[in-house]
There are 4 protein chains.
Amino acid sequence: MASPTRSLRSDAARNRELLLAAAEDEFAERGIEASVADIARRAGVAKGTVFSHFATKEELIAAVVANHIAVLTATAERLLESADAGAALLEFLTVAADRRQQRDLTFLMSISAENSQVVRIRNQLHADIGSLVQRAHECGALRPDVTATDIYLLICAPVHVIENLPGAPSDLWRRYLAIIFDGLRPEGASPLPRPAPNWP
Amino acid sequence: MASPTRSLRSDAARNRELLLAAAEDEFAERGIEASVADIARRAGVAKGTVFSHFATKEELIAAVVANHIAVLTATAERLLESADAGAALLEFLTVAADRRQQRDLTFLMSISAENSQVVRIRNQLHADIGSLVQRAHECGALRPDVTATDIYLLICAPVHVIENLPGAPSDLWRRYLAIIFDGLRPEGASPLPRPAPNWP
Amino acid sequence: MASPTRSLRSDAARNRELLLAAAEDEFAERGIEASVADIARRAGVAKGTVFSHFATKEELIAAVVANHIAVLTATAERLLESADAGAALLEFLTVAADRRQQRDLTFLMSISAENSQVVRIRNQLHADIGSLVQRAHECGALRPDVTATDIYLLICAPVHVIENLPGAPSDLWRRYLAIIFDGLRPEGASPLPRPAPNWP
Amino acid sequence: MASPTRSLRSDAARNRELLLAAAEDEFAERGIEASVADIARRAGVAKGTVFSHFATKEELIAAVVANHIAVLTATAERLLESADAGAALLEFLTVAADRRQQRDLTFLMSISAENSQVVRIRNQLHADIGSLVQRAHECGALRPDVTATDIYLLICAPVHVIENLPGAPSDLWRRYLAIIFDGLRPEGASPLPRPAPNWP
DNA sequence: AATGAATGAGGCTTCATTCAT
DNA sequence: TATGAATGAAGCCTCATTCAT
């Protein structure tokens, strides 16, 4: 009696997950060119099913993006437990870049920047980074003129850098993360030419 | 599309420029979604005219990209005359970021990465950056483990960083360029975790 | 045709048939100039629907051609039952020419010559003609130096002949089929200047 | 003094010939797909020049077709001198088929069927074939129920036959011309099922 | 006459989305 | 909810033809 409803529901939930995973893979491989049809095929469902879960392609993208940010949020929260605040911040940037290198979905971010779910999770991430940054400041591991918003914005930098070098070793971003992290040291920091931006 | 004065044959070159400018604007505003039809409309010519100048949309993109890189090349070459090699390098990165901030066409680069004209001008830019870097090394203004390819790759970083903050002041990139440039100082540089990449 | 319950599937099948019929008509009337848009309009469906049935214009053409050959194959197979092998061969050529006169699609053949479905059905037709020819040989109704491939190639000849006479009576081809059939008699046949071609 | 005018005129005449030759080649190689631009390029002139000689692509096609028929007319007229009227007719059909095999332009005929120049030269050809046929009738080399129009229509048959066999030896048409010619013998001719058509 | 840039209609195809089952 | 056929707007590109030089 209840079971058919339940099994329908869990099938639906499973399809949702399949679709999100397929969309992530497809977007990572094909970029924005990935089509709804391809995603549906990869998830093993019909094209129409995509639209019964996500009213719009944009909505699907937003869900993928939210998923993606959620992983970073979880990472940040885990690292708040860490003893060494400076190392925690470096580790956070490392995990973030590593994840981004494995599946670059940055091009999706701007598309779903307005989406309310994305806004919420993004704010959460920003807040968590705030905690990481505060602790790093407290133990003097980070130049004092750098804010949570700065760190949030710098997340993607190392991976983006190597995008322009086709055939680069996949973890070359570690080199540029090191350079940037050197720029974040308190020692000998030169005054920054512009004030830190406000978080919207 | 009748205008009081029909285009003159000697204006063919002018149409080419109009098209390149229109394409640059349109791509900067609409991203890769910019259509040939929109570009033609913006340039004030018929759709078919685009294809009499550029056989393919890709070819048009390559021309835009090449144009864009050429400006950087010219800047680098001008700065080779400069007395202070460290300041010259910073200025180069500043000009490059400034230009890129005005019109972000990075997403076009990968599309025309193979184009022979683009390859040529890109190699030229890399070589010019090589000269700037060598002079900076010679006067100790740059950490010794950083190469021309590193600098080439870091060009876009500051601008990309602020892409994720809608409504940011347009020259906020200067803040992140300063951070990165601090990371490029020789003083107290930590060893880099990966070797410098080869230029293809 | 089918019950309302199955109507989705059978509507789709019906659309496929409508499209094939419309394509046949349109190609017969306009030649290769017939556009997908015109075909869709004639079938009463949207342009996009054509491509949900046939991935490509070429694929649509191949389906039309295969349909067309299939009728000839069925005719040949029916005539294998006939008692008089010579009359059967003449009848086959008559039916083939008659059909071809109603809708000349020969110009489509070369376009889809490579299509695997077309190749298969074409080989089937050739084999069936082989049986007709063999029986005709056995009862001395056909000059012995003529092969199945010869007959296959001669199918279109009578109709093509009258193509160059606009306003000709529509069954004028019967006159030229008679002349050619006279040339196929065993009596007084002059030696043929070239060997029979191989079937690919 | 007078020479510039003269040389301009003869340049124009030469361009006309170049264009006709280029068009013939291009149409033979590419079929109806041959574009005006390709023809101009092959002739080594600008696209616009094509239209200063032929107001329309159709007009160019008509000129090519007329040229083509003119060769057959000349052949027929030469063969009227021949002693053996039967052999002359066979030779005419052989030359016609050979020429057509080298450059198949049949698909152009229907396009320019109405063109007045083409109509005139076509009538001339028909008349010349009439003389050949009459002489063949007089010496009993041709079945009496066959007319000049029949022969005119049969010209293309042998070549068309082999069109459906890709990779056939290029002179395989001789085999089918022989078969058809056997069908034209007076001996044992069966009555033809339709009256000979009228020439328009 | 010759040139070739410009035109714009029209061709094929893709794809997000809708809808009847 | 799932399905997948149908839709139609939009994209890129081709090409005969026009026109100013």
Side-chain angles (χ1 to χ4, degrees), chain A residues 4-5 7-9 11-13 15-16 33-40 45-58 60, chain B residues 1-2 5-16 33-38 40 44-58 60, chain C residues 4-16 33-40 44-58 60, chain D residues 5 7-9 11-13 15-16 33-41 45-58 60:
Chain A
T5 311
S7 90
L8 277 179
R9 270 191 199 146
D11 272 10
N15 273 350
R16 211 190 120 95
E33 308 275 274
S35 73
V36 172
D38 288 339
I39 291 168
V45 303
K47 215 177 359 172
T49 303
V50 179
F51 292 94
S52 71
H53 285 279
F54 307 95
T56 269
K57 192 187 185 181
E58 274 196 15
L60 167 60
Chain B
M1 273 277 148
T5 343
R6 306 285 311 197
S7 357
L8 305 179
R9 185 151 145 195
S10 51
D11 275 0
R14 178 152 199 293
N15 269 349
R16 210 191 120 97
E33 307 278 275
S35 73
V36 171
D38 289 340
V45 302
K47 217 177 359 174
T49 302
V50 180
F51 294 97
S52 77
H53 285 277
F54 308 96
T56 272
K57 191 186 184 182
E58 273 196 18
L60 168 60
Chain C
T5 349
R6 276 184 300 178
S7 77
L8 193 145
R9 294 275 173 173
S10 62
D11 270 9
R14 180 159 159 50
N15 270 349
R16 209 190 121 97
E33 307 278 274
S35 74
V36 170
D38 288 340
I39 291 168
V45 302
K47 216 176 1 172
T49 302
V50 179
F51 293 97
S52 75
H53 286 277
F54 308 96
T56 270
K57 191 186 185 182
E58 272 197 17
L60 168 60
Chain D
T5 312
S7 89
L8 278 179
R9 271 195 200 142
D11 273 9
N15 273 349
R16 209 190 122 95
E33 309 274 276
S35 74
V36 172
D38 289 339
I39 292 168
R41 192 173 315 119
V45 303
K47 216 179 354 175
T49 303
V50 179
F51 292 95
S52 71
H53 284 280
F54 308 94
T56 270
K57 192 187 186 184
E58 274 196 15
L60 167 60

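Chain letters run A, B, ... following the sequence lines, proteins first, then strands; residues in each count from 1.
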- [ ] Check the distance between F/dG11's C1' and C/K47's NZ and give it to me in whole angstrom.
- [x] 11 Å
Task: Note: C/D11-C/R14 ion pair, threshold 4.0 Å (strictly below) - done: no
- [ ] Could you check whether D/S35 gets within reach of a base, just the sugar-phosphate, or nothing at all, counting any heavy atom under 4.0 Å?
- [x] sugar-phosphate
- [ ] Whole angstrom is fine here: how far is it from CZ in D/F51 over to C1' in E/dT7?
- [x] 13 Å
Task: Separation of A/R16 CZ from A/T49 OG1 (nearest 0.5 Å) - done: 14.0 Å
- [ ] Determine: side-chain N/O of B/T49 to OP1/OP2 of E/dT7, distance under 4.0 Å, yes or no.
- [x] yes
Task: Pairing annotation in dot-bracket form, given for DNA chain F with Watson-Crick or G-U pairs under 3.5 Å and | for cross-strand partners - done: .||||||||||||||||||||
TODO: Considering non-hydrogen atoms only, spot the tightest contact between C/A40 and C/K47 and give its length.
DONE: CB-CA, 3.8 Å
- [ ] Find the distance between OG (B/S52) and CG (B/N15) and round it off to the nearest 0.5 Å.
- [x] 8.0 Å
TODO: Determine, stepwise, if the pair D/L60 / D/I39 fulfils side-chain contact (heavy atoms from CB on, under 4.5 Å).
DONE: CA-CA 10 Å; D/L60 167 60; D/I39 292 168; 4.1 Å; yes
- [ ] For C/V45 and for D/K57, locate the closest nucleotide of DNA chain F by heavy-atom distance; then report the residue assigned to the nucleotide nearer the 5' terminus.
- [x] C/V45
TODO: Measure the distance from CD on C/E33 to C1' on E/dA9 and round it to the nearest whole Å.
DONE: 14 Å
- [ ] Work out which heavy atom in D/F51 is nearest to a heavy atom in D/K57; give both atom names and the distance.
- [x] CE2-N, 4.4 Å
Task: Closest-nucleotide ordering on DNA chain F, the 5'-leading residue of C/H53 and A/G48 - done: A/G48
Task: Selected nucleotide, minimal atom distance to D/S52 side chain, candidates E/dA1, F/dC15, E/dT17 - done: E/dA1
Task: Under-4.0 Å side-chain N/O to phosphate OP1/OP2 contact, A/N15 with F/dA2 - done: yes
- [ ] Please report, rounded to the nearest Å, how far the P atom of E/dA2 is from the CZ atom of D/R16.
- [x] 12 Å
- [ ] Could you state the atom-to-atom distance from CD of D/E58 to C1' of F/dC15 in whole Å?
- [x] 15 Å
- [ ] Take atom CZ of C/F54 and atom P of E/dT13, then tell me their distance rounded to the nearest Å.
- [x] 13 Å
TODO: Give the rounded distance in Å between these two atoms: CG of B/D11 and P of E/dA6.
DONE: 9 Å
